[in-house]
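Structure, as structure tokens:
Predicted model, so just to flag it, every value in this text is computed and none were measured. Below, chain A is the first sequence line, B the second, and so on; all start at residue 1.
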Amino acid sequence: MTILACISYVPDTAAKIGVTADGSGLELGGAKYILNPYDEFAIEEALLQRERHGGRVVALTVGSDAAKEILRTALAMGADSAVIIPATGLDSFGVAANIAAYAKAIDASLVLLGRQSIDHDSFQMASTVGALLGVPSISVVSKLEIESDRVRAERDIEGGKEVLEATLPLVVSVQKGINNPRYPKLPEIMKAKSKPIESVEPVAVSPRAAMVRYQVPQLKRANKILGDSDADIAEFVRLLHEEAKVI
Amino acid sequence: MYEVVSHGVSFAFSQEQEQIRQLAREFAEAEIRPHVAYYDETQEFPHEIFRKLGELGFLGILIPPDCGGAGLGAIECAIIVEEIARICPAVALGVAAHNGLCTYHIYRYGSQALRERYVRPLAQGETLGAWGLTEPGSGSDAGAMQTIAIRDGDHYILRGSKNFITHGNVGSIAVIMAKTDPAKGKRGISAFVVDKSMPGFYASKKENKVGMRCSDTASLVLDDVRVPATNLLGQEGEGFQQALAILDGGRVTIAALSVGLAQGAFEAAMKYAQERIQFGKPLIEHQAVAMKLARMNMEIEAARLLTYRAAWLRDRGEPFRQEASQAKLFASEIAVRTAEDAIQIHGGYGYIKEFPVEKYWRDSKLLTIGEGTSEIQRIVIARSLLEQYRSK
Ligand SMILES: Cc1cc2nc3c(=O)[nH]c(=O)nc-3n(C[C@H](O)[C@H](O)[C@H](O)COP(=O)(O)OP(=O)(O)OC[C@H]3O[C@@H](n4cnc5c(N)ncnc54)[C@H](O)[C@@H]3O)c2cc1C
């Protein structure tokens, strides 16, 4: 079974990100970039499924040259090979089209992704890749079982679980909690250093969406601080009823 | 990112070194931080943490892959120890002693057979190692040790005791310095690999310490232990020189531990200084506090540079004794000062266990004592300066 683990290179969650004065772009300053946290679960799931069912794991990123760093992490964790499609500035559809084209080229049976990239949070990747490949896709999966080509996936829903069945080939995006990503070991980090990273030509796709403007949310700090007199408590109850409308 | 060739400094870490720092940091945050207070309180040895450290390769940092290690150098060792010390200096002390003292000593001076038999399991974290130089009657003056090794056919009989030994209790393998020829003084000292399966070799008193509490410190008894002559490291009479060379490397690691400890204490102080309001504004807006923090950070950066420079020299195979002592002396002293200032910034809250800084403070004091006290570092530095600047 060939498993494709798709990973992305995103600004650290602690990074302070601003918007340029004209709203046309982002100011990342010296933000540190990291492996998208949800994608760690995708790599781990790919490795676990390979351990259970054999096959190979290919880690893929569509992005800038600097993103090779996270491919090295994937290799150190145990991926068999790593591929970069050097393309930047794509919309979600463009990224999905590139992933789908590569998945097709290597005849992947299972494409795994994180539930979302924490940069643009578009949540489109799993379903778009599935649609482009003409195979089913299941999003935000918290448990994945495969038996020959039958797949059983669990999703967490409000107050319970949803169980879905599908067949391979399949696209799955995974949720935190599906597994416990392993740490890369020191000797593997050193070995990954000398493994090749294959570069694959991007496919040309015309964008489906254009970024019009970035805007910083207006912070509403309408906090009110009341005292503890009877009048304050009465006012507090009134505010809960009438302003916050929570009771 | 430039190189000052004449003084030997390169400020750039490689991508792998950054990756190793990130791994050590994530591991320390996720697997050590939640348990720090528990182990400090109970003084229990954190076996589970060491098992995980072993799996990651953190217990065989300096040992080449063909002997079961990660094949890395002093810089990577410093990175790992710094990051662990930022969260728990006591765990970092164990990592430092196991890697830099015991395991590396056997690797560097041991025969191929000793490497196979002892270094491999140590490097893979299957066993923990100890290193015994200090005795009840000899610390700084290590050459005055009383432990003796008497040749008896193809064995040596070791008799004496060692004091304050890290992993004395939990370690099953130890490097022991003993006098094979007491008449020759320091030149009569030899180093042996001794293991707990040898009758007469056991730990006695486990120390109850003010800091570094989950680090296992115990005395070791050598009650006529029969050690095969093949367990001699290098030649007879080389033990003292070997120990000094091992301590040079160890001091760089203790410097890294000090930097990590100071960094942890500083971060706690930075956080608290922004949260605590007195006289209507956060502490950090009181200039006396802000200036203290500025100095703390500057001293940490200076200590870090001294530390990584010494590590870098060692990795290049250049002499680094003076630089190692300078790094260890400066870093350990600023660690104590930084931890103390971090408590001062926390006021009364710094003195109680709900906040992390009192532990950094307790842990920090060992650093100006172990692997050569501050006074001994000054002696080493001064001696080396005299060599360098001797007038005819
Ligand atoms: C937690 C812990 C872990 C340790 N782990 C190990 C270990 O794994 N292996 C090991 O072998 N040892 C270990 N030690 C021992 C440690 O290395 C010694 O404690 C240290 O070298 C100092 O020796 P001492 O305690 O005998 O002090 P002393 O040598 O008695 O020194 C007392 C004081 O006198 C000063 N002094 C001594 N001589 C001079 C001089 N010539 N000039 C000026 N001042 C001087 C010292 O600097 C110090 O301030 C450990 C100690 C501790 C506390």
Side-chain angles (χ1 to χ4, degrees), chain A residues 7 9-16 30-41 43-44 47 51 59 61 63-79 82 84 118 176-177 179-197 223 225, chain B residues 1 13-32 34 48-49 51-81 83-84 95 98-99 103 120 123-125 267 270-271 277 315:
Chain A
I7 62 180
Y9 196 52
V10 297
D12 192 353
T13 40
K16 294 217 168 30
K32 191 170 138 21
Y33 273 66
I34 57 168
L35 170 60
N36 178 39
Y38 291 106
D39 298 348
E40 280 185 42
F41 301 103
I43 300 172
E44 179 63 29
L47 299 173
E51 281 158 16
T61 191
S64 68
D65 204 54
K68 281 183 178 166
E69 184 188 326
I70 57 170
L71 290 173
R72 299 244 177 252
T73 303
L75 288 169
M77 285 173 76
I84 185 162
I118 61 159
K176 185 177 170 190
N179 55 41
N180 246 326
R182 66 196 68 189
Y183 294 103
K185 300 181 166 136
L186 278 193
E188 305 305 324
I189 290 179
M190 297 322 285
K191 271 187 232 154
K193 179 178 155 183
S194 52
K195 286 192 190 166
I197 289 176
N223 304 347
I225 296 175
Chain B
M1 268 202 233
F13 286 114
S14 70
Q15 198 184 56
E16 292 71 40
Q17 286 165 343
E18 294 290 1
Q19 234 178 323
I20 290 168
R21 185 180 290 281
Q22 191 189 331
L23 167 64
R25 177 167 293 216
E26 279 173 16
F27 179 85
E29 292 279 4
E31 313 289 334
I32 303 179
E48 182 56 16
I49 291 174
R51 189 187 61 72
K52 292 179 183 166
L53 288 165
E55 273 179 8
L56 290 186
F58 284 7
L59 299 181
I61 303 169
L62 301 167
I63 305 304
D66 61 11
C67 240
L72 299 168
I75 292 183
E76 290 83 2
C77 189
I79 289 172
I80 291 166
V81 168
E83 289 300 330
I84 295 175
V95 173
H98 172 93
N99 276 290
T103 309
R120 185 175 297 278
Q124 308 220 308
E267 285 174 20
M270 264 318 277
K271 179 161 180 276
I277 313 276
D315 285 344

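B:E31 and A:Y183 make their closest contact through OE2-OH, 2.8 Å (heavy atoms, listed as atom of the first residue, atom of the second, distance). In this structure, A:P187 and B:G57 approach most closely via the heavy-atom pair CD-CA, 4.5 Å.
Summarising the local packing, CG of A:N180 is surrounded by 12 or fewer heavy atoms from other residues, nucleotides or ligands at distances under 6.0 Å. More than 12 heavy atoms of other residues, nucleotides or ligands sit less than 6.0 Å from atom NZ of B:K52. Heavy-atom contacts from other residues, nucleotides or ligands closer than 6.0 Å to NZ of A:K195 number more than 12.
B:Q15 contributes atom CD, which lies 10.0 Å from atom NZ of A:K193 (distance to the nearest 0.5 angstrom). The CG atom of A:L186 lies 10.5 Å from the CD atom of B:Q19; values are rounded to the nearest 0.5 Å.
At a 4.5 Å heavy-atom cutoff, A:R182 makes no contact with chain B through either its backbone or its side chain.
Considering only heavy-atom pairs separated by less than 4.5 Å from chain A, the leading option among B:Q22, B:E55, B:E18 is B:E55.
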